[in-house]
Amino acid sequence: MEMALSRGLRCCQRVFAWIPVLIIAAVVLWSYYAYVFELCLFTISNTLEKVVYLLVFHVCFGMFTWTYWKSIFTPPATPCKKFQLSYSDKQRYEMEERPDAQKQILTEIAKKLPIFTRAQSGAIRFCDRCQVLKPDRCHHCSVCETCVLKMDHHCPWVNNCVGFSNYKFFLLFLSYSMLYCIFIAATVLRYFLKFWVGELPNGPAKFHILFLMFVAVMFFISLMFLFSYHCWLVAKNRSTLEAFSAPVFVSGPDRNGFHLGLHKNLLQVFGEDRKLWFIPVFTSQGNGHYFPLRSQGSESRNPLLANEDMWEGSDDGSEESLGKFPSVLLHLLLRLRIMWSKKQQEQKKNIFL
């Protein structure tokens with residue numbers, strides 16, 4: 001009985017979750033009718049003006065619809081199998097009752113993976129619901145009921161988690177939404193004023209054009225603040241969750257832990273091919289499991305020491321980010337660096353002695 005009730009509640013929750021999306025869809029469809037028919041076809045008399053307005057409007061409408069669709073229906077990226085506990089590790093973890101021993105087990109498993117962030121307690125971040133070690137910047141979404149790579153937030157207006165797989169689409173959706181609103185407001189303003197002062201006769205078009213102007217301006221103002229905030233996040237290479245709670249590393253919390261500079265931060269989200277920046281196709285760098293760190297001074301936080309022999313064998317494309325250099329040369333350089341740092345420490349000790 002209880003299971004049936006919980007399933008019914010979940011079903012209702014999923015249905016109600018689509019209400020914000022349906023509201024947006026209804027407003028957009030009405031704006032299409034009001035602009036194309038009531039303004040362009042029934043109100044504007046100049047043929048050239050009518051054609052230009054319709055062409056530009058449909059380009060903006062098409063890009064807005066495309067990006068909104070991609071934001072809604074792009075599934076959130078989840079951790080790959082390498083971050084799931086093996087059967088033996090899971091048994092060992094569940095059989096152990098001491099928290100310190102469980103923490104040690106997770107630490108041993110994490111040595112094989114490129115994980116550099118920690119929980120507030122300093123332990124390896126582990127999701128009990130998904131039974132996975134959380135990659136850096138990964139969080140569990142209680143609405144989607146799964147762990148999401150580079151989770152930014154769960155957006156009710158797209159009924160989806162905004163994360164690694166669709167963050168670029170979400171940013172483009174915001175930008176094309178603003179463009180859609182500002183174009184409507186700029187082209188409707190002239191006829192809005194004419195209806196307002198009574199230069200045009202009253203009719204059905206008057207209500208649609210007046211209301212279209214108010215809705216476009218209202219949505220543009222709200223979108224402008226949201227888009228500006230996300231531009232700031234991209235510039236700092238932070239997610240919304242990281243802006244509220246700084247990621248914790250071995251050395252402690254650091255809000256700028258993933259900040260690599262404006263140019264590299266943009267490349268992480270939009271990719272290296274600038275021709276594809278404004279098109280809703282996936283071009284973000286990496287695979288969502290590993291992100292370069294700003295400070296790589298300490299060996300405990302250096303991704304080059306992340307046991308790359310275990311990680312390069314993955315089948316999810318992570319070898320592109322960690323296997324750019326030959327492993328033999330990489331080990332040799334790291335060994336030379338460690339020997340050099342030890343030699344410098346010994347010299348300092350001799351000076352003090």
Side-chain angles (χ1 to χ4, degrees), residues 77-85 89 93 102-127 130-140 147-152 163-164 167 233-234 236-261 264-265 267-269 284-314 316-325 327 330-331 333-335 337-338 341:
T78 57
C80 67
K81 292 182 179 180
K82 282 192 172 292
F83 288 82
Q84 297 177 357
L85 297 184
D89 290 334
Y93 178 79
Q102 289 182 333
K103 180 179 177 180
Q104 184 61 32
I105 292 172
L106 296 179
T107 303
E108 292 175 2
I109 301 172
K111 289 180 180 179
K112 306 174 185 178
L113 302 169
I115 297 177
F116 305 100
T117 55
R118 300 290 185 266
Q120 293 292 336
S121 61
I124 297 294
R125 300 189 311 131
F126 179 71
C127 181
C130 299
Q131 292 292 298
V132 296
L133 296 173
K134 293 182 181 179
D136 294 346
R137 316 184 81 173
C138 175
H139 298 274
H140 184 86
C147 284
V148 179
L149 296 179
K150 196 189 175 184
M151 179 178 173
D152 188 88
F164 176 75
Y167 189 60
L233 290 177
V234 172
K236 295 291 185 179
N237 203 347
R238 299 176 190 169
S239 65
T240 300
L241 295 176
E242 291 167 352
F244 285 96
S245 179
V248 180
F249 299 89
V250 176
S251 58
D254 185 4
R255 290 188 182 274
N256 296 316
F258 299 104
H259 182 37
L260 306 176
K264 291 184 178 180
N265 294 344
L267 293 182
Q268 277 198 10
V269 177
S284 301
Q285 291 181 337
N287 57 15
H289 294 84
Y290 161 76
F291 298 91
L293 304 179
R294 177 179 64 91
S295 175
Q296 298 179 351
S298 63
E299 297 170 9
S300 60
R301 291 179 57 189
N302 194 333
L304 299 179
L305 292 177
N307 206 344
E308 66 276 0
D309 291 335
M310 299 294 296
W311 182 244
E312 284 179 359
S314 65
D316 52 12
S318 59
E319 58 185 355
E320 295 180 2
S321 59
L322 295 179
K324 291 183 178 180
F325 301 100
S327 58
L330 185 62
H331 278 294
L333 291 174
L334 291 173
R335 292 298 179 186
R337 179 184 174 186
I338 295 171
S341 61

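Quick note: numbers below take in every heavy atom, side chains included, and nothing from hydrogens, waters or symmetry partners. Position 1 is the first residue of the sequence, and the numbers go up from there. Just so we're clear, the structure is a prediction, and the values are computed from it rather than from any experiment.
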Angle class for the Phe258/Phe291 ring planes (parallel below 30°, perpendicular above 60°, tilted otherwise)?
perpendicular
Of the non-hydrogen atoms in Val132 and Pro79, which two are nearest, and what is the gap between them?
CG2-CG, 4.3 Å
Quick one: closest heavy-atom pair of Thr117 and Pro247, and the distance?
CG2-CB, 4.4 Å
Non-hydrogen side-chain atoms of Asn265 and Lys236 separated by less than 4.5 Å
no
Which pair of non-hydrogen atoms, one from Lys103 and one from Ser121, has the smallest distance, and what is that distance?
NZ-O, 3.9 Å
Non-hydrogen side-chain atoms of Met151 and Phe164 separated by less than 4.5 Å:
no
What one should report as the nearest heavy-atom pair of Lys134 and Ile115 is O-CD1, 3.9 Å
Any donor-acceptor pair under 3.5 Å linking the side chain of Asp152 with the backbone of Thr240?
yes
Can you confirm whether Asn237 sits close enough to Arg294 that some side-chain heavy atom of one is under 4.5 Å from a side-chain heavy atom of the other?
no
Hey, what do you get for CD (Gln84) to CG (Asp89), rounding to the nearest 0.5 Å?
12.0 Å
Would you indicate whether the side-chain heavy atoms of Arg238 and Asn256 approach each other to under 4.5 Å?
yes
Indicate yes or no: at least one non-hydrogen side-chain atom of His140 is less than 4.5 angstrom from one of Cys130.
yes
Within this structure, what is the NE2-OG1 distance for the pair His289 and Thr78, rounded to the nearest 0.5 Å?
7.0 Å
Distance in Å, His259 NE2 paired with Glu242 CD, rounded so as to fall on 0.5 Å steps:
13.0 Å
Only counting residues at least two apart or in another chain, list the ones meeting salt bridge (charged side-chain N to carboxylate O under 4.0 Å, His left out) with Arg125.
none
Measure across Val148 and Gly163 and return the closest heavy-atom pair with its distance rounded to 0.1 Å.
CG1-CA, 4.4 Å
Given side chains that start at C-beta, do those of Tyr93 and Ile109 come closer than 4.5 Å, heavy atoms only?
no
Heavy atoms, side chains only, cut-off 4.5 Å: are Val269 and Lys150 in contact?
yes
Please report the closest heavy-atom contact between Leu149 and Gly288, naming both atoms and the distance.
CD2-O, 3.7 Å
Just verifying a value: how many Å separate Cys147 SG and Phe126 CZ, rounded to the nearest 0.5 Å?
9.5 Å
